[in-house]
Each structure stands twice: as C-alpha cells, then as structure tokens.
Number of protein chains: 4
Amino acid sequence: MLNRVVLVGRLTKTPEMRYTPNGVAVSNFTIAVNRPFSNNQGEREADFINCVVWRKAAENLAQYMNKGSLIGVDGRLQTRNFEGQDGKRVFVTEVLAESIQFLESKSKNNSSGSGQETAPQENTGEPIDISDDDLPF
Amino acid sequence: MLNRVVLVGRLTKTPEMRYTPNGVAVSNFTIAVNRPFSNNQGEREADFINCVVWRKAAENLAQYMNKGSLIGVDGRLQTRNFEGQDGKRVFVTEVLAESIQFLESKSKNNSSGSGQETAPQENTGEPIDISDDDLPF
Amino acid sequence: MLNRVVLVGRLTKTPEMRYTPNGVAVSNFTIAVNRPFSNNQGEREADFINCVVWRKAAENLAQYMNKGSLIGVDGRLQTRNFEGQDGKRVFVTEVLAESIQFLESKSKNNSSGSGQETAPQENTGEPIDISDDDLPF
Amino acid sequence: MLNRVVLVGRLTKTPEMRYTPNGVAVSNFTIAVNRPFSNNQGEREADFINCVVWRKAAENLAQYMNKGSLIGVDGRLQTRNFEGQDGKRVFVTEVLAESIQFLESKSKNNSSGSGQETAPQENTGEPIDISDDDLPF
DNA sequence: TTTT
DNA sequence: TTTT
C-alpha cells in the first residue's frame with residue numbers, strides 16, 4: 001500500500017551510528033521541520049520527527065552531517081513497539097529513510113552543501129548516491 | 001520546510017468524531033498500511049499510523065467510513081506531547097490529514113467507493129471535496 | 001535530489017505491454033486523476049498523466065488491470081526528448097512508476113480490488129509485491 | 001484523488017513573473033533535478049521539470065531566486081493543452097507549486113539560504129510563509 | 001533545450 | 001525533549 005514521506009529539516013543532534021549484532025550499520029536521528037505557519041503567540045513551531053536509516057546511507061550521514069545540518073529525507077512511515085523499562089509497551093512512529101539528501105553541512109570536513117546526495121570524501125566534486133533501496137528487513 | 005505524507009490504508013476502527021470546546025469537529029483515527037515486503041516468517045506486516053483530521057473532512061469521515069474502509073490520506077507529520085496519567089511526558093507522532101480520499105466504504109449507507117473524495121449524502125453522483133486547508137491551528 | 005510523485009487515478013485505457021530489444025518488459029499508460037475542485041462551469045476536470053513502468057510490475061499491470069481500473073502510483077518525474085515525425089524535438093514529462101498499487105480491477109479475471117499490491121494469479125489471497133526498484137536504466 | 005509531487009532542484013533560469021489579464025501574478029519556471037544514479041557513460045543526468053506558481057509565491061520567487069538557486073517544491077501535477085503556432089494541439093505536463101521552499105539563493109539581494117520558506121525583504125530574520133493554497137483556478 |  |  002502507498003506509504004510515502006518527504007521531509008526537509010535540520011538535524012537536532014550530530015548523528016551517531018551503531019551496528020546491529022549482524023554488523024549492519026544503522027543510525028537513528030531526529031529532524032526539526034519548521035511549520036509553515038505561526039501559532040497564536042506569533043511563533044513558528046517545529047515538528048521533531050524521528051527517523052532511522054540503514055547501511056551506507058547511515059555511515060555517510062554520521063560521517064558528514066552535524067547538529068543543525070539541513071537534509072532532505074525520502075522514505076516511509078513505520079511503527080513498532082517494544083517493552084519499556086517499566087514493563088509497559090512503548091509505541092513508536094518513525095520514518096524509515098530510503099534516501100537522504102545533504103542540503104547543507106555544518107563544519108565537519110568543511111563540506112559545502114551542494115544540494116546533492118553527496119559524500120564528499122574526495123575532492124572530485126562528483127556526488128555520490130547515498131540512496132539505499134536494499135534495506136536489511 | 002517540506003513536510004509531506006501520502007498514505008493508502010484501511011481504518012482499524014470505525015472513526016468517531018468529537019468537537020473541541022470551540023466547536024470545531026475533529027476525528028482521530030488509525031490506518032493500517034500493509035508493508036510491501038514479507039518478514040522472515042513470510043508474513044506481511046502492517047504499520048498502524050495515527051492520524052487526525054479537522055472540520056468538514058472529520059465529519060465526512062465519521063459519517064461515511066467504517067472499520068476496514070480503504071482510504072487515501074494526504075497530509076503532514078506533526079509531533080506533540082502532553083502529560084500522561086502517570087505524570088510523565090508522552091510524545092506523539094501523527095499525520096495531520098489535509099485531504100482524505102474515500103477509496104472504498106464498508107456497508108454504512110451502502111456507498112460504493114468511487115475512488116473520489118466523495119461524501120455521497122445525496123444521489124447526484126457529483127463528488128464533494130473534503131479537503132480542508134483552513135485548519136484551526 | 002528529491003523527486004517524488006504519488007498519484008491515485010484511473011487507467012484511461014487497458015494497458016499494453018511491450019518488450020525492449022533487450023527483452024525488458026515495459027508498459028506506458030495514462031491515468032486520469034480528478035481534480036479536487038470544480039472549474040467555473042461547476043465541472044470537475046481531470047489531469048491525464050503519462051506514466052511508464054518496467055519489468056514485473058509492467059507485466060502485472062497489463063495482465064490484471066483494465067481501462068477504468070483504479071490504481072495508486074509511487075514514483076518519480078522524468079523528462080526525455082526525441083525527434084518527432086516532423087523532425088522537431090518532442091519533450092516528454094512522465095512519471096516513472098516505481099511501485100503500483102491495484103486498488104480496484106474491472107472485469108478481467110474477476111479480481112476483486114483488495115487495496116493491496118496484488119497480482120492475483122493464484123487464489124491464495126496472499127498479495128504479491130509488484131514494486132520494482134531495480135530498473136534497467 | 002491523490003496527486004502529490006515533491007521536488008528539490010535548481011532553477012535553470014532566473015525566474016520571471018507576469019500578470020494575467022485579471023492581475024494575478026504567475027511565474028513559470030523549470031527546475032533541474034539530478035538523478036540519483038548514473039547512466040551508461042557514468043554521467044549523472046537531470047530531469048528538467050516545468051512548474052508554475054501563482055500569487056504571492058510567484059512574486060517572492062521572482063524577487064529572491066536566481067538561475068541556479070536550490071529550491072524545494074510541494075505541489076501537484078497538472079496537464080493542459082493549447083493550440084500551437086502550427087495549429088496542432090500541444091500537451092503540457094507541469095507541476096503546480098502549492099508551496100516553495102528557498103533552500104539557497106544566488107547573489108541577488110545577498111540573501112543567505114536559511115532553509116526556510118523565507119522572503120527576506122526585511123532583516124528581522126523572521127521567515128515569511130510563501131505557501132499559496134488559495135489559487136485562482 | 002536547461003541547473004550544480 | 002530537540003534545529004535554524
């Protein structure tokens with residue numbers, strides 16, 4: 001069934017990556033997406049949306065992006081639940097990122113935010129695709 | 001910032017509508033969206049995605065749709081939090097439905113699922129738009 | 001870069017499939033998507049959107065869908081151009097369908113429109129994924 | 001019916017704005033969206049997607065964006081046709097932009113590309129929404 | 001008839 | 001428990 005999410009927002013924290021027991025790279029991150037309208041107090045609020053990304057895209061995200069970096073996410077919504085520390089079931093709604101676009105980087109490696117899906121580990125300027133449509137589940 | 005969600009799935013329960021203290025109609029509902037792939041046990045799982053819709057669209061949803069009805073949702077992701085019954089903060093991620101398409105109805109009023117944003121309270125066959133881009137917040 | 005299209009509409013013709021010289025299945029089709037609003041004459045118009053789909057999804061589409069069938073499309077916009085019969089360059093904008101959902105079928109095979117990405121060649125009721133993320137270009 | 005397009009790409013030309021006979025501002029523009037994969041020659045190609053935007057959003061686009069500027073577009077696909085100069089009917093598929101996000105500007109006014117829907121004609125830093133959900137058709 |  |  002159709003399930004599609006597209007977001008542009010800023011990383012609330014510098015992303016960290018970990019590996020599953022099977023050695024698969026994964027990164028959980030949150031992006032702040034400012035709302036297009038102001039609230040009663042004339043302030044623009046944001047939505048803080050939890051995302052997860054796997055494999056090479058997870059590695060690139062952790063390597064090149066920072067707190068505050070602007071990224072685009074194309075993916076799907078997924079829900080899961082697990083037993084919380086208090087024994088109660090916790091329900092999670094998050095975005096499974098299938099493709100991430102680096103729209104701007106902050107400091108780290110001095111990369112320049114080319115508006116392309118780029119992992120600028122070398123200086124060719126030739127962007128590298130970080131899409132990952134071969135997810136491990 | 002860009003924030004777009006498109007879903008097609010089935011209502012997990014017959015939707016109910018309520019009114020805010022200001023008299024604005026609102027309906028919270030969940031749709032089950034089947035995943036396009038099977039898990040390790042060869043089963044297809046679903047994501048259960050919480051949604052909210054306001055005003056006329058909320059009224060139409062409650063009036064014409066039922067548990068199991070297939071609908072399309074076009075909207076945006078929003079997050080909010082409130083104090084839970086145990087005093088702890090509860091965080092919610094849900095889809096704010098800006099437009100709902102009735103793809104199929106179950107029984108209730110014998111409506112026929114025309115694949116249009118329809119509220120068939122009369123028999124003209126002329127569909128009625130239930131989009132709502134003038135939300136109360 | 002982000003490029004995402006999601007559509008729900010009806011096939012304007014029974015889809016036909018062909019094979020490229022390399023033996024890859026491909027189907028071009030058009031879906032009519034009704035607009036959510038009426039024009040000055042109080043009529044609801046439609047947009048007629050050209051799409052292309054490859055491989056197994058193309059085969060399933062041709063085998064199970066008919067003129068008038070309601071489908072969902074998840075894909076991306078692409079442009080191409082070729083030399084027209086009058087020697088002038090023709091520019092085409094179309095949707096490359098990466099995933100198609102059968103929302104309803106018309107007659108052909110008497111299939112029932114389960115609201116799932118289904119290719120009901122057998123009667124198990126177990127839907128088959130027709131997504132195709134390994135496109136030949 | 002569902003009809004949603006989300007794009008991020010670069011303006012192929014500095015956008016120009018005009019007014020309809022009724023005095024409504026409108027701007028037609030093309031964005032180049034790089035494909036996520038390379039072709040046989042190892043080159044990354046782009047899709048050149050025609051868009052149209054109305055009213056205040058059209059004015060802001062023409063005022064603040066330039067050739068090469070990176071923008072995000074949230075809108076819908078529409079088709080129309082008209083009689084060409086040779087008397088033949090010309091069919092057009094384009095994106096009706098309902099909301100545009102300025103992701104980066106080039107020179108003109110020295111604006112800084114804040115990643116928000118911003119029309120920085122004053123220096124408050126408070127972004128201005130350029131969404132336009134009240135289109136004249 | 002195109003962007004970086 | 002948050003970004004600019």
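So you know, we letter chains A, B, ... as the sequences are listed, proteins then strands, and number each from 1. Note that the coordinates shown come from a computational prediction; the quantities given were computed from them, not determined experimentally.
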A:Phe29 CZ to F:dT2 P: how many Å, rounded? 19 Å

Nearest to the side chain of D:Ala32 - E:dT3, F:dT4, F:dT2? E:dT3

To the nearest Å, give me how far apart CZ (C:Arg89) and C1' (E:dT2) are. 14 Å

Rounded to whole angstrom units, what separation is found between the CG atom of D:Leu70 and the C1' atom of E:dT2? 16 Å

Sequence neighbours left out, what passes side chain to side chain donor-acceptor pair (under 3.5 Å) with A:Arg4? Give chain and number order. A:Asp74, A:Glu98, C:Asp74

Calculate the interatomic distance between B:Met1 atom CE and F:dT2 atom P; express it in whole Å. 17 Å

Round to the nearest Å and state the distance from D:Leu11 atom CG to E:dT3 atom P. 12 Å

Of the options D:Asn66, D:Leu61, D:Asn28, which is the one that meets D:Pro15 in a side chain to side chain contact (heavy atoms under 4.5 Å, CB included)? D:Leu61

Out of F:dT2, F:dT3, E:dT4, which nucleotide sits closest to the side chain of A:Arg10? F:dT3

Listed partners of D:Asn3 passing side chain to side chain donor-acceptor pair (under 3.5 Å), at least two apart: none

Where the side chain of A:Asn34 is concerned, which of E:dT4, F:dT4, F:dT2 is the nearest nucleotide? F:dT4

Of the nucleotides F:dT2, E:dT3, E:dT2, which one has an atom closest to the side chain of D:Thr30? E:dT2

Between atom CG in A:Leu7 and atom C1' in F:dT3, what is the gap in whole Å? 14 Å

Rounded to whole angstroms, how far apart are CD1 on A:Ile49 and P on F:dT3? 15 Å

Nearest-Å distance, CG (D:Leu103) to P (F:dT4)? 16 Å

I need the minimum non-hydrogen distance between C:Ala32 and C:Phe48, along with the two atoms involved. CB-CE2, 3.7 Å

